[in-house]
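What follows is a short report on a single structure.
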Protein chains: 2
Amino acid sequence: MSEGVEWALHSCLNLAWIGPERAVPAARLAAYHELPAAYLNKQLQALARAGIVTSVSGPKGGFRLARGLDRITLMDVVAAVEGPDEAFRCTEIRQQGPGAGPAGSYAAECAIAGAMGRAELAWRRELVSQTLDDVRERAELQAPTAPERIREWFAPA
Amino acid sequence: MSEGVEWALHSCLNLAWIGPERAVPAARLAAYHELPAAYLNKQLQALARAGIVTSVSGPKGGFRLARGLDRITLMDVVAAVEGPDEAFRCTEIRQQGPGAGPAGSYAAECAIAGAMGRAELAWRRELVSQTLDDVRERAELQAPTAPERIREWFAPA
DNA sequence: GGGCTATTACTCGGATACGGGGTGTCCGAGTTAAAGTGG
DNA sequence: CCACTTTAACTCGGACACCCCGTATCCGAGTAATAGCCC
């Protein structure tokens with residue numbers, strides 16, 4: 001899985017802790033974790049295209065969350081960064097070569113694709129069931145001082 | 001996900017339908033679906049290392065299943081081909097840069113890694129719960145003539 | 001004809017190239033804040 | 001002092017290289033069947 005997913009998730013939580021009042025530039029979000037600024041920008045663009053964050057150009061510009069954390073699921077972020085296609089894609093090799101059966105006998109889905117699809121569905125179901133707000137709550141339980149630290153570090157000079 | 005997983009799964013089912021009496025060369029398994037023979041051989045080697053199939057060299061050599069389909073799970077095959085590491089790996093960026101908190105405050109797992117881990121656990125759980133025999137059963141319901149076709153095509157000259 | 005040996009053909013196994021997608025970077029279009037200027 | 005204009009700095013957005021891993025291939029080590037040969 002792409003490394004950008006981790007960056008995007010952390011950035012979303014950071015944005016939430018900073019608050020919706022002001023927009024935060026990608027460069028500043030990147031500096032907080034010493035990430036390549038331009039590349040993080042690329043991931044945030046993906047989030048913007050997916051409608052998870054909104055972006056404004058110019059001075060005092062940057063990114064901010066488009067809606068509350070409780071309305072953003074892990075699935076939303078993963079789909080935005082990784083793309084919509086499934087991890088396991090069936091190439092229908094059962095229809096290739098001498099092993100191919102009669103032409104009309106492939107109406108039903110390949111049993112292997114079905115089985116792998118069920119597993120991937122379980123994965124997606126779990127991703128949908130968890131919102132970023134759930135993650136934030138757990139994070140604050142583990143590190144109660146983190147929100148204040150972040151708010152302070154991102155405070156304008 | 002690697003394409004080899006699909007090839008490996010189909011090959012395992014084919015091996016089961018052929019029967020355990022004789023070993024089947026990788027080249028023959030590949031020809032059945034018009035796959036690159038040498039590359040499929042590589043995947044079968046991975047299955048052999050994982051103990052899913054056994055391999056014998058020389059004339060009349062090839063691969064055969066090491067145990068019954070009901071004792072091989074989808075997880076076994078995926079782990080053998082894809083490797084054991086998780087898809088989402090946490091790089092602990094929370095400990096990098098100015099955002100890093102006090103040194104001893106990272107005993108607990110990163111909340112984001114935990115959430116992604118739960119999703120991946122659901123995926124793995126589903127893969128473990130399905131054996132190749134379950135898949136075979138469904139496949140035979142959809143295409144009852146397949147086993148006989150395969151047995152015949154792989155029959156020795 | 002039977003048993004032993006040498007040969008030969010066949011298969012796996014790992015070492016070796018190639019190519020596409022993730023990774024990383026750079027520069028331009030657009031925008032807004034701020035500075036400058038005249039009334 | 002205030003309003004307007006001009007400037008300038010800042011930010012996103014997409015276009016451009018790099019590199020690693022999945023993809024694909026080839027050749028050698030090992031093995032067993034087979035053919036040949038001697039008894």
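Just so we're clear, the structure is a prediction, and the values are computed from it rather than from any experiment. Just so we're on the same page: letters track the sequence lines, and every chain starts at 1. The figures that follow rest on heavy atoms only: side chains count, while hydrogens, waters and symmetry mates do not.
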Inset, instruction - Measure from CG on B/N41 to C1' on C/dA15 and round the result to the nearest Å. - result: 14 Å

Inset, instruction - Just compare D/dT23, C/dC12, C/dG22 and give me whichever is closest to any side-chain atom of B/S2. - result: D/dT23

Inset, instruction - Considering just the side-chain nitrogens and oxygens of A/S57, establish if one lies under 4.0 Å of OP1 or OP2 belonging to D/dG13. - result: no

Inset, instruction - Decide side chain to side chain contact (heavy atoms under 4.5 Å, CB included) for B/E92 and B/Q96; before the verdict, give the C-alpha distance in whole Å, the side-chain angles of both, and the deciding distance to 0.1 Å. - result: CA-CA 7 Å; B/E92 292 291 335; B/Q96 263 178 17; over 6 Å; no

Inset, instruction - Among the candidates D/dG13, C/dT31, D/dT25, find the nucleotide nearest to the side-chain atoms of B/P36. - result: D/dT25

Inset, instruction - Mind calculating the distance between NZ (A/K60) and C1' (D/dA9) to the nearest angstrom? - result: 12 Å

Inset, instruction - Applying side chain to side chain contact (heavy atoms under 4.5 Å, CB included), run through A/R71 and A/D76 and close with a yes or a no. - result: CA-CA 10 Å; A/R71 296 182 60 83; A/D76 293 331; over 6 Å; no

Legend entry - Closest heavy-atom pair and its distance - A/T73, A/L127: CB-O, 3.8 Å

Inset, instruction - Using a heavy-atom cut-off of under 4.0 Å over every strand shown, decide if B/R49 touches base, sugar-phosphate, or nothing. - result: sugar-phosphate

Inset, instruction - Would you kindly compare A/G61 and B/M1 by the position of their nearest DNA chain D nucleotide and give the one closer to the 5′ end? - result: A/G61

Legend entry - Nucleotide C/dG24, atom C1' - distance to CD of A/E34 in whole Å: 16 Å

Inset, instruction - Answer with base, sugar-phosphate or nothing: what part of the nucleic acid does B/A27 contact at a heavy-atom distance below 4.0 Å? - result: nothing

Inset, instruction - Scan B/A26 against the nucleic acid and name what it touches under 4.0 Å (heavy atoms): base, sugar-phosphate only, or nothing. - result: sugar-phosphate

Legend entry - Nearest atoms (heavy-atom pairs only) where B/W123 meets A/A119: CD1-O, 3.3 Å

Inset, instruction - Nearest whole angstrom, please: distance from the P of D/dA15 to the CD of A/Q45. - result: 10 Å

Legend entry - B/F63 CZ - D/dT31 P separation (whole Å): 15 Å

Inset, instruction - Indicate the ring-plane relationship of B/F154 and B/Y32, choosing parallel, tilted or perpendicular according to the 30° and 60° boundaries. - result: tilted

Legend entry - Protein-nucleotide distance (A/Y39, atom OH; C/dG21, atom P), rounded to Å: 14 Å

Inset, instruction - Using atom NZ of B/K42 as one end and atom C1' of D/dC27 as the other, report the distance to the nearest whole Å. - result: 14 Å

Legend entry - Interatomic distance, B/E82 CD vs D/dC21 P [rounded to whole Å]: 14 Å

Inset, instruction - Consider the side chain of A/P59, meaning its heavy atoms from C-beta on, and name the nucleotide among C/dT32, C/dC12, C/dT23 that approaches it most closely. - result: C/dT32

